[in-house]
Amino acid sequence: MLDREYDPKDIEQKWYDFWMEKKYFHADDKDGQKKAYSIVIPPPNVTGVLHMGHALNNTIQDIMIRYKRMDGYNALWMPGTDHAGIATQNVVERYLTEKGMSRHDLGREAFIDEVWRWREKHGGLIIGQLKRLGASCDWDRIRFTMDEGLSKAVRRVFVSLYEEGLIYRGDYIVNWCPRCHSALSDLEVEHEEEEGSLWHIRYPLADGEGDVVVATTRPETMLGDTCVAVNPSDERYTSLVGKEVVLPVMNRRIPIIADHVVDKDFGTGAVKITPAHDLNDYELSLRHGIQVIVIMDESGIMNENAGVYKGLDRFVCRRDLEGDLEEQGYLVDKTPYKVPVGKCYRCKSVIEPYLSKQWFVKAGPLAKEAIKAVEESRTRILPKQWEKTYYEWMYNIRDWCISRQIWWGHRIPAWYCEGCEEVIVSETDPVKCPRCGSEDLRQETDVLDTWFSSGLWPFSTMGWPDDTQALKRFYPTDVLITGFDILFFWVARMMMMGIKFMGEVPFRDVYLHALVRDETGQKMSKSKGNIVDPIDEMNKYGADAFRFALTAFAAMGRDVRISDKRIQGYRFFINKIWNAGKFVLSNIEGSDLQGVRIEKEKLSLADKWILTKLNRAIEDTRCALEEYRFNDAADTLYQFTWHTFCDWFIELSKPMMNDEGAPYTRWTLHHVFKSLLEMLHPIIPFVSEEIWQSMQGRQAESIMISPYPSVNKELDFPDEAYKMECINDIVSGVRSIRGEANISPSVMLDVVLKFKSRDMEDLIGRYRVLIQDLARVKSIKVISDQGQRPKKCALAVTSEVEVYVPLEGVIDIDQERNRLDKQINKARKELDAKQKKLANRDFLAKAKKEIVEEQQRIKEELDFMIERLIKAHSLLEG
RNA sequence: AGGCACGUAGCUCAGGGGGAGAGCACCACCUUGACGCGGUGGGGGUCCAGGGUUCAAAUCCCUGCGUGCCUACCA
């Protein structure tokens, strides 16, 4: 028996432990019987704590994997975490700072040891939280991007790409974070528009009179200017090209050159060129052989090339320099200006374009294959609108800066020979230089971008570069489920790497879900204070309610807006299921359901109806899951459970429990409810298991390994289902009259029915008691065509029957008259529209036949209703 | 600057060429023996605006307005 109230707390832990103990989550590499189905988890950062995004992402994955597992697949959900280079290093450094230390005090080796220790202590947090959510990952296989095996994969890939010329090292302007002291890839920069200024600065000509005025948003960079550029077709400047100007403050002579990239219409048409601190300027300097001067160090502090500003922070320098320029008469103008500012996605510092030596992946050739794979539908991207975004980015892909100047990560497997400058790139640590034989080798200190190793995730987690069973069985994976925000960061890179190194796309489908926002559509953030914490929600309402809420809101291509209140709503739903479970269990207790042999003719109309409805629900749910329409699956199940099974079938079953069909009703009650739990299990694993375990006729030891319900064609009765609905309509008709006339439920009514057809009339004999019970009716009288309709009564009209409720002595006749007037008006409006449509020649000629017929049918129904309602109106006068 | 979404009931959103839907909120009634975390009934919408295609448009197309997001080397 189930407890009076559902309490998620102990139950969730209990069943999760049970599943783990039974190893249900484990997928067998050797199982060649079952078809394989696999998903790799988007690895959360080891430093991370579960947020709403994780919760949504992993709930969806868990639904798919549990569904497929129940449906007979050898289902693998590969779990793991990501070493998150910069983020983790930041966290551990902060921790060291608290202890009054810096990583430099420790040194590289000791610091890395410290990070590992930190991971040992805190890194498991998010894994525990995923378990709390119910995630049925194959934990025996858990991987970490810094594991030995995955590190081997990283080296193999790096060396291979290097040898092919797809990885190179070179001087380039990169996005530099002065706080993290590292280069970042283009993707790791967040662009924002900020209120800034545009400074106009006068550069006097070196010889003779006059000057050139340049405009800039970053005046401090002028200290590194090495020329001024103008457009060759700009007549204002043609005579000046080739001459020199004197750089104010620095008093350096720099040339004026002509280049077509300069926009004549911007500012004054003359641009200051700072090759070491601006990408465009750098490229221009290469074309013209212009000198390059670096004026800042790695922390954004001005260096010796900045003259008197040496030692100043870049923003302090900007301020001081502005003052000096003004004082010396070089500042022509300063106007407010919206400037695009790049910020570090980890620490939000302003990014500095910075010339340095970095490692890059030549992305073009890899992208080409990744584009082709999607074009040829070897991988589908869903919802489809993201395909365009994917192509757009892939077509315009730029080389990927993969070196990071931090310590925590995969150290680049490159060595420099101190003897002959040879660069050695090798999977195994070399002992001597292959060229000069020197043993004085120095390993590259840079580490790789974390996404470089995440890009290998679908195959590195399965044991690559070794040729493993897991790879044979589970690669390519069936679907990747992730947020659209990492389409480029991660999905695109996995596509490129998977195709390159496995010769096969990493996944057949990519399902991109939306971001979770708060109820007003705001992105959740600590500073806004609108964070909803998944753990809090689960503590309050249980994991099942939380999961169901996420699922119900996960409409394809839409933001997921969630709030405490909405989750609470689904907690009520869980409670409803619990109570339905109590009802079902208490009614089948002690009865031998296994002994019941189902003979179709012995099933009641209600039984046949709910069985038919069950089939439709199974169809709809399966179809929705196959198409990743999770909200539709949730809606279907919610609707069926609450408004079909509970509201109608349970109520119908109550009176039926006393007649000769009772054993069949019990069987149906049990069968439908058990199927329902099984269908719900992937979404709400805990409560479904708890109730299921109390039920008879279990074929497996857990709901999670029992078969997912299939449509049963033997138990599908559309005709009977229609008849049952006619009976339900009668009940609704009576209830509606009662409600609108404000008749208390305690008043038992008399009802007179007049059917359209004999066929239906016969049904009443058997199911009279259902109507009486559900509509609270004491007598039912059926009248024939010729029969006199009772006087002074209310009427409800359905498609098959007229329902009369004599009202004399029961209610106010005037009120009923108003109610009828209202209905008549409404129906007439609709009828008007229909008549117009059906009178239209074009409509009759051009519309499809079925449509015309349907419209005709509707019109007739309306006719019928109006006629009855008017009749009822007149009968009220009595 | 380009691209992509989205404007439907008070709120959050489904739907998507032929009778406007759900959940929550609201109103009325109800100690019906699974459930008040409940039951029954009900009110409420020029489906953003304007044009076009069509026999028929909330739905398809265009334009505008509004909102959100992404991409970009505009000093």
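Keep in mind that this is a model prediction, so the values were computed, not measured. First the proteins, then the strands, lettered A, B, ... as listed; each starts at 1.
- Interface residues of residues 843-852 of chain A facing RNA chain B, ordered by number: A/F843, A/K846, A/A847, A/K848, A/I851; criterion, heavy-atom separation under 4.0 Å.
- A distance below 6.0 Å separates the ring centres of A/Y628 and A/Y511.
- Between A/W386 atom CH2 and B/A5 atom C1' there is a gap of 8 Å when expressed in whole angstrom units.
- For A/C646, taking side-chain heavy atoms from C-beta onward, the closest of the listed nucleotides B/G18, B/A75, B/A34 is B/A34.
- Across all strands, A/R398 comes closer than 4.0 Å only to sugar-phosphate atoms, never to a base (heavy-atom distances).
- Here A/W199 lies out of heavy-atom contact (under 4.0 Å) with every strand.
- On a pure distance criterion of 3.5 Å, no polar donor-acceptor pair joins the side chain of A/E392 and the base of B/A72.
- Taking atom P in both B/G21 and B/G45, one finds a spacing of 13 Å when rounded to whole Å.
- In the set B/C55, B/U71, B/G19, the nucleotide with an atom closest to the side chain of A/L187 is B/U71.
- When ring centroids are compared, A/Y345 and A/F489 come within the 6.0 Å threshold.
- Which of B/G38, B/C29, B/C74 sits closest to the side chain of A/N742 comes down to B/C29.
- Aromatic ring centres of A/Y638 and A/W642 lie closer together than 6.0 Å.
- Base-pair partner of B/A1: B/U71 (Watson-Crick or G-U wobble, both distances under 3.5 Å).
- As rounded to whole Å, 16 Å separates atom P of B/C69 from atom CD of A/Q385.
- A/Y337 comes within 4.0 angstrom of the backbone, heavy atoms only, and of no base.
- As judged by a 4.0 angstrom heavy-atom cut-off over every strand, A/K837 is placed among the base-contacting residues.
- Counting any heavy atom pair closer than 4.0 Å across all strands shown, A/P340 reaches sugar-phosphate atoms only and no base atom.
- At a threshold of 4.0 angstrom between heavy atoms, the contacts of A/E861 include nucleobase atoms, whether or not backbone atoms are also involved.
- Contact check on A/D773 versus A/K654 returns no salt bridge, with no Lys/Arg side-chain nitrogen under 4.0 Å from an Asp/Glu carboxylate oxygen.
- Listed by chain and residue number, A/V174, A/A183, A/Q358, A/F360, A/S403, A/R404 satisfy the side-chain contact (heavy atoms from CB on, under 4.5 Å) test with A/C401 (two or more places apart in sequence, or in another chain).
- For B/C4, the base has no donor-acceptor partner in the side chain of A/K388 [N/O atoms by modelled type, under 3.5 angstrom].
- Between A/I858 and A/E854, the closest side-chain pair of non-hydrogen atoms falls below 4.5 Å.
- Regarding contacts with the backbone of B/G23, a side-chain N or O of A/H643 is found under 4.0 angstrom from either OP1 or OP2.
- Taking for each of A/Q855 and A/G739 the nucleotide of RNA chain B with the nearest heavy atom, the 5'-most of the two is the partner of A/Q855.
- Protein atom CD of A/E192 is 15 Å distant from nucleotide atom P of B/A72, rounded to whole Å.
- At least one side-chain nitrogen or oxygen of A/K654 sits closer than 4.0 Å to the OP1 or OP2 atom of B/A34.
- Using a 4.0 Å heavy-atom cutoff across all strands shown, A/E651 reaches at least one base atom of the nucleic acid.
- B/A22 atom P lies 17 Å from atom CZ of A/R566, rounded to whole Å.
- At a threshold of 4.0 angstrom between heavy atoms, the contacts of A/V584 with the nucleic acid are absent.
- Look at A/R218 and A/E352 and you find a salt bridge, because one of the NZ, NE, NH1 or NH2 atoms lies within 4.0 Å of a carboxylate O, short of that distance.
- The partner of B/G41, taking Watson-Crick or G-U wobble pairs whose two distances both stay under 3.5 Å, is B/C27.
- A donor-acceptor pair is defined here as one N or O able to donate and one able to accept, closer than 3.5 Å; such a pair exists between the side chain of A/K778 and the backbone of A/M748.
- Comparing B/A75, B/U12, B/A28 by their nearest atom to the side chain of A/K272 picks out B/A75.
- At whole-Å resolution of the value, CG in A/L652 and P in B/U32 are 19 Å apart.
- As judged by a 4.0 angstrom heavy-atom cut-off over every strand, A/H277 is placed among residues making no nucleic acid contact.
- Checked against B/G23, B/C73, B/U12, the side chain of A/N280 finds its nearest nucleotide in B/C73.
- Contact annotation for A/F488: backbone-only contact, meaning every heavy-atom pair under 4.0 Å involves sugar-phosphate atoms and none involves a base.
- Between A/N575 and A/N579, the side chains place a donor N or O and an acceptor N or O closer than 3.5 Å (distance only, hydrogens not considered).
- As judged by a 4.0 angstrom heavy-atom cut-off over every strand, A/I650 is placed among the base-contacting residues.
- Mapping A/D635 and A/N579 onto RNA chain B via the closest heavy atom, the residue that lands nearer the 5' end is A/D635.
- Within 6.0 Å of the CZ atom in A/R287, the count of heavy atoms belonging to other residues, nucleotides or ligands exceeds 12.
- Both distances falling under 3.5 Å, in either a Watson-Crick or a G-U wobble arrangement, occur for no nucleotide opposite B/A9.
- Residue-level contact check: A/T389 touches neither bases nor backbone, having no heavy atom under 4.0 Å from any strand.
- Across all strands shown, A/D647 has heavy atoms under 4.0 Å from sugar-phosphate atoms exclusively, and none from any base.
- As judged by a 4.0 angstrom heavy-atom cut-off over every strand, A/N840 is placed among residues touching the sugar-phosphate backbone only.
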